[in-house]
Amino acid sequence: MGVAVMKLRNPPVNSLSLECLTEFTISLEKLENDKSIRGVILTSECPGIFSAGLDLLEMYGRNPAHYAEYWKNVQELWLRLYTSNMILVSAINGASPAGGCLLALCCDYRVMADNPKYTIGLNESLLGIVAPFWFKDMYVNTIGHREAERALQLGTLFSPAEALKVGVVDEVVPEDQVHSKARSVMTKWLAIPDHSRQLTKNMMRKATADNLIKQREADIQNFTSFISKDSIQKSLHMYLEKLKQKKG
Ligand SMILES: CCCCCC/C=C/CC(=O)SCCNC(=O)CCNC(=O)[C@H](O)C(C)(C)COP(=O)(O)OP(=O)(O)OC[C@H]1O[C@@H](n2cnc3c(N)ncnc32)[C@H](O)[C@@H]1OP(=O)(O)O
């Protein structure tokens, strides 16, 4: 029925390394250019993890040129996903913090597995970093200003039930039904004529995408100088140590 399933596979946690981001963007571009494909189901092949978000090791201990290159690719993937003409449905079958949540938010519909161990949200402030304006814009578009304001400041990671309540996801289903539900949602969306659905999507999303497009270079500069700061590098170091210690 012209539907592709994209499975993220970058063990152990599907972090979005530079290589992973680049491959993702290229695959998406290929699908976008394949006229037989009308929809994509985005999911993960890593057990229990949808995506751990941006790769912290791409943002820690590197040089400014690397940070700039990395951020340019983060922007590129986001723009492609957010403005895709295809129907995107995410089957969120695991934890989905920060950049993982960002991927899901780009989709037209989000189905999440009902497992309280899986959380989702933009938790950047917990890491001592700040979600950029275009992450924030998409959050506001999805859950409204007040909820986004609170969730962004607190770095809230929502359980599936909370995520459903606040509107971060559209549906929560038993874990073994995530993929079948994503497929049935896709079938419903495929019944809508492409041209009217695409024009409507574009109307809803264009202003948010244009907001980044018109200041991409400044956003890269801003990221590079922010992430290069000693204080921010220290925060990332502490966060990485905390992740290690968690293992015991
Ligand atoms: C204007 C400036 C703007 C700046 C904005 C920058 C925006 C950033 C957005 C982001 O996406 S930042 C990344 C945020 N991600 C997280 O906070 C997730 C952190 N990870 C976790 O919470 C957990 O790892 C998990 C995903 C819930 C999985 O838990 P699990 O117990 O299954 O695995 P771990 O033992 O914790 O991890 C295994 C292994 O993977 C490493 N790792 C985890 N997450 C990342 C990551 N995002 N990047 C790189 N590496 C990661 C972890 O350190 C372990 O490594 P080890 O070597 O095996 O110890």
Side-chain angles (χ1 to χ4, degrees), residues 8-21 24 44-62 64 66-78 81 92-106 112-113 115-139 148 151-160 163 168 211-212 215-248:
L8 293 168
R9 189 182 54 226
N10 188 22
V13 292
N14 275 340
S15 61
L16 300 169
S17 64
L18 183 55
E19 191 187 353
C20 178
L21 281 174
F24 195 161
S44 160
E45 221 172 75
C46 287
I49 318 275
F50 181 68
S51 165
L54 301 191
D55 194 317
L56 295 163
L57 302 177
E58 302 282 6
M59 301 188 285
Y60 174 72
R62 309 288 194 117
H66 181 85
Y67 298 140
E69 175 67 9
Y70 183 61
W71 200 246
K72 189 174 151 206
N73 281 277
V74 176
Q75 289 179 339
E76 189 61 39
L77 176 60
W78 180 75
L81 269 178
I92 307 163
N93 51 348
S96 194
C101 176
L102 189 82
L103 298 180
L105 290 172
C106 286
M112 186 169 188
N115 183 333
K117 281 193 199 143
Y118 303 161
T119 57
I120 184 166
L122 296 181
N123 63 326
E124 282 79 357
S125 67
L126 297 182
L127 283 72
I129 56 178
V130 182
F133 70 88
W134 38 288
F135 287 38
K136 177 268 294 174
D137 287 346
M138 198 171 45
Y139 222 20
L152 279 170
Q153 288 189 58
L154 295 173
T156 310
L157 285 168
F158 297 103
S159 68
V168 173
N211 209 13
L212 173 62
Q215 46 186 325
R216 273 188 83 166
E217 204 41 55
D219 184 59
I220 292 172
Q221 293 302 325
N222 187 41
F223 171 76
T224 304
S225 66
F226 178 84
I227 214 77
S228 302
K229 283 187 178 140
D230 284 348
S231 58
I232 302 302
Q233 287 290 304
K234 238 179 232 163
S235 295
L236 289 178
H237 176 76
M238 279 162 55
Y239 189 73
L240 281 162
E241 285 301 306
K242 225 162 65 183
L243 282 177
K244 273 200 190 114
Q245 281 162 18
K246 192 186 70 174
K247 283 182 166 168

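Every number for a ligand or one of its atoms is a count from 1 in the order of the listing. All figures in this text were calculated on a predicted structure; none of them were measured in a lab.
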Taking distance alone, with no angle check, do Lys246 and ligand 1 share an N/O pair under 3.5 Å?
yes

Where the closest heavy atom to atom 17 (O) of ligand 1 is concerned, which of Tyr60, Phe50, Tyr239, Phe135 has it?
Tyr239

Output the list of atoms in ligand 1 that are nearer than 4.0 Å to some heavy atom of Gly53, sorted by atom number.
11 (O)

Is any side-chain heavy atom of Thr156 less than 4.5 Å from a side-chain heavy atom of Asn123?
no

Strictly under 4.0 Å, does any heavy atom of Val130 approach an atom of ligand 1?
yes

N or O pair under 3.5 Å between Leu56 and ligand 1:
yes

Heavy-atom nearest neighbour in the protein, as seen from atom 27 (C) of ligand 1, with distance rounded to 0.1 Å:
Ala95 CB, 4.1 Å

List the closest protein heavy-atom neighbour of atom 39 (C) of ligand 1: residue, atom name, distance to the nearest 0.1 Å.
Pro12 CG, 3.9 Å

Closer than 4.0 Å to some heavy atom of Ile49 - which atoms of ligand 1 meet that?
28 (C), 32 (O)

Give the atoms of ligand 1, by number and element, whose distance to some non-hydrogen atom of Phe223 is under 4.0 Å.
2 (C), 3 (C), 4 (C)

Between Ala98 and ligand 1, is there a nitrogen or oxygen pair with a distance under 3.5 Å?
no

Just so I know, are the side chains of Leu54 and Trp71 near enough to count as touching, which here means a heavy-atom distance under 4.5 Å?
yes

Do the charged groups of Lys246 and Glu241 touch, with an N to O distance under 4.0 Å?
no

Show which side-chain atoms of residues 130-138 pair as donor or acceptor with protein atoms under 3.5 Å away, not counting sequence neighbours.
unit_1	atom_1	unit_2	atom_2	d
Trp134	NE1	Asp219	OD1	3.4
Trp134	NE1	Asp219	OD2	2.9
Asp137	OD2	Asn211	ND2	3.2

Quick one: nearest non-hydrogen protein atom to atom 52 (C) of ligand 1, plus distance?
Leu243 CD1, 4.3 Å

shortest atom 55 (O) of ligand 1-to-protein heavy-atom contact is with Lys247 NZ, 4.2 Å

Distance col, row Arg62:CZ vs Thr224:OG1, nearest 0.5 angstrom, shows 13.5 Å

For Ile129, the atoms of ligand 1 under 4.0 Å from one of its heavy atoms are 6 (C), 7 (C), 8 (C)

Quick one: look at Asp55 and ligand 1, take heavy-atom pairs under 4.0 Å, and tell me if it's side chain, backbone, both or neither.
both

Who pairs with Ala113 by side-chain contact (heavy atoms from CB on, under 4.5 Å), at least two apart in sequence or on another chain?
Tyr118, Glu175, Val178

Counting only heavy atoms on the protein side, is anything nearer than 4.0 Å to atom 57 (O) of ligand 1?
no

Within the structure, is a non-hydrogen atom of Pro97 found at a distance of less than 4.0 Å from ligand 1?
yes

The closest protein heavy-atom partner of atom 9 (C) of ligand 1 is Glu124 OE2, 3.2 Å

Answer yes or no: is there a donor N or O on one side and an acceptor on the other, between the side chain of Thr119 and the main chain of Phe158, under 3.5 Å?
no

Heavy-atom donor-acceptor pair, Ser51 side chain to Gly53 backbone, under 3.5 Å
yes

CA sep, side-chain torsions, deciding dist, call: Asn73, Leu16, side-chain contact (heavy atoms from CB on, under 4.5 Å):
CA-CA 10 Å; Asn73 281 277; Leu16 300 169; over 6 Å; no

Who gets closest to atom 44 (N) of ligand 1 by heavy atom: Ser225, Ala52, Ala131, Gly155?
Ala52

With no hydrogens and no angle check, is any side-chain donor or acceptor of Ser15 less than 3.5 Å from a backbone partner on Ala52?
no

For Gln215, I'd like to know if atom CD has over 12 heavy atoms of other residues, nucleotides or ligands within 6.0 Å.
yes

For ligand 1, which atoms have a heavy atom of Asn222 less than 4.0 angstrom away?
1 (C)

Ligand 1 to Gly99 polar contact by distance, N or O atoms, under 3.5 Å
yes

Can you list the ligand 1 atoms lying under 4.0 Å from a non-hydrogen atom of Phe226?
2 (C)

Please work out whether any backbone atom (N, CA, C, O) or any side-chain heavy atom from C-beta onward of Leu16 is under 4.0 Å from ligand 1, and answer side chain, backbone, both or neither.
neither

Side chain, backbone, both or neither: the part of Val13 lying under 4.0 Å from ligand 1 by heavy atom
side chain

With heavy atoms only and a cut-off of under 4.0 Å, state how Leu102 meets ligand 1: side chain, backbone, both or neither.
neither

Keeping the roles fixed (side chain from Glu58, backbone from Tyr67), state whether a donor-acceptor pair exists under 3.5 Å.
no

Closest approach of Tyr139 and Cys101, non-hydrogen atoms and distance?
CE1-SG, 4.4 Å

Atom 13 (C) of ligand 1: the protein heavy-atom neighbour that sits closest, reported with distance to 0.1 Å:
Leu54 O, 3.4 Å

Please determine whether salt bridge (Lys or Arg N to Asp or Glu O under 4.0 Å) holds for the pair Lys72 and Glu217, giving the CA-CA distance in whole Å, both sets of side-chain angles, and the decisive distance to 0.1 Å.
CA-CA 8 Å; Lys72 189 174 151 206; Glu217 204 41 55; over 6 Å; no

Any heavy-atom pair between the side chains of Phe223 and Ile227 that's under 4.5 Å?
yes

With nothing but distance in play, are any N or O atoms of Ser15 less than 3.5 Å from an N or O of ligand 1?
no

